[in-house]
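These figures come from a predicted structure and were not determined experimentally.
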Amino acid sequence: MSRVQSPKEITLLVRSGCHLCSAAKKTVDEVTNRLGLTWESVDIDHDPGLLAQHSDEVPVLLVDGKVRDFWVIDPERLETLLTS
């Protein structure tokens with residue numbers, strides 16, 4: 001199993017009724033559980049700033065505050081991001 005080098009802040013920007021968001025939540029949950037990490041989900045429809053910035057890209061994966069992926073979250077890419 002790969003080791004996380006330092007604590008990571010993992011945030012998934014979503015909106016309700018988004019089928020890609022549901023799939024992304026499942027992917028992020030599976031990868032972070034395997035690595036022993038936690039993550040949070042933020043609904044952009046409740047934050048005007050996030051809505052203006054990311055409305056057309058959800059779901060959006062942020063790692064340590066940086067956009068790392070959007071629309072479809074690849075589990076292998078996510079694990080690489082979190083373990084490097």
Run L51 and D45 through side-chain contact (heavy atoms from CB on, under 4.5 Å) and show every step you take. CA-CA 6 Å; L51 182 61; D45 290 325; 3.5 Å; yes
Given the rule in the side-chain contact (heavy atoms from CB on, under 4.5 Å) test, do D74 and L78 qualify, once you have shown the distances and angles that lead to the verdict? CA-CA 6 Å; D74 178 85; L78 176 56; over 6 Å; no
Is there a side-chain contact (heavy atoms from CB on, under 4.5 Å) between V42 and L50 once you walk through the steps? CA-CA 9 Å; V42 175; L50 290 175; 3.8 Å; yes
I10 and V28: CA distance, side-chain angles, deciding distance, side-chain contact (heavy atoms from CB on, under 4.5 Å) verdict: CA-CA 9 Å; I10 305 156; V28 172; 4.3 Å; yes
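Proximity of R15 to S55: side-chain heavy atoms (C-beta onward) are separated by under 4.5 Å at one or more points. Considering only heavy atoms from C-beta on, T11 comes within 4.5 Å of L13 through its side chain. In this structure, K25 and S41 have side chains that are in contact, with non-hydrogen atoms separated by less than 4.5 Å. Within the 4.5 Å cutoff, the side chain of I44 has no heavy atoms near those of the V14 side chain.
Considering T83, L81, L82 as possible partners of E79, the one that fulfils the side-chain contact (heavy atoms from CB on, under 4.5 Å) test is T83.
The side chain to side chain donor-acceptor pair (under 3.5 Å) test applied to D43 returns no partner, not counting sequence neighbours. Legend: residues meeting side chain to side chain donor-acceptor pair (under 3.5 Å) with E57, ordered by chain and number and at least two apart, are H54.
Each of V63 and V60 belongs to its own hydrophobic cluster when Ile, Leu, Val, Met, Phe, Trp and Tyr are linked at side-chain heavy-atom distances under 4.5 angstrom.
Considering CG of L62 and CD of E40, their distance stands at 9.0 Å, rounded to 0.5 Å. Remark: K8 NZ to L37 CG distance equals 9.0 Å, nearest 0.5 Å.
Considering every non-hydrogen atom in both P59 and C18, the closest pair reads CD-SG, 4.3 Å.
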Show me the donor-acceptor pairs, under 3.5 Å and distance only, between side chains in residues 66-73 and residues at least two apart or in other chains.
from	atom 1	to	atom 2	distance (Å)
D69	OD2	R77	NE	3.1
W71	NE1	D56	O	3.1

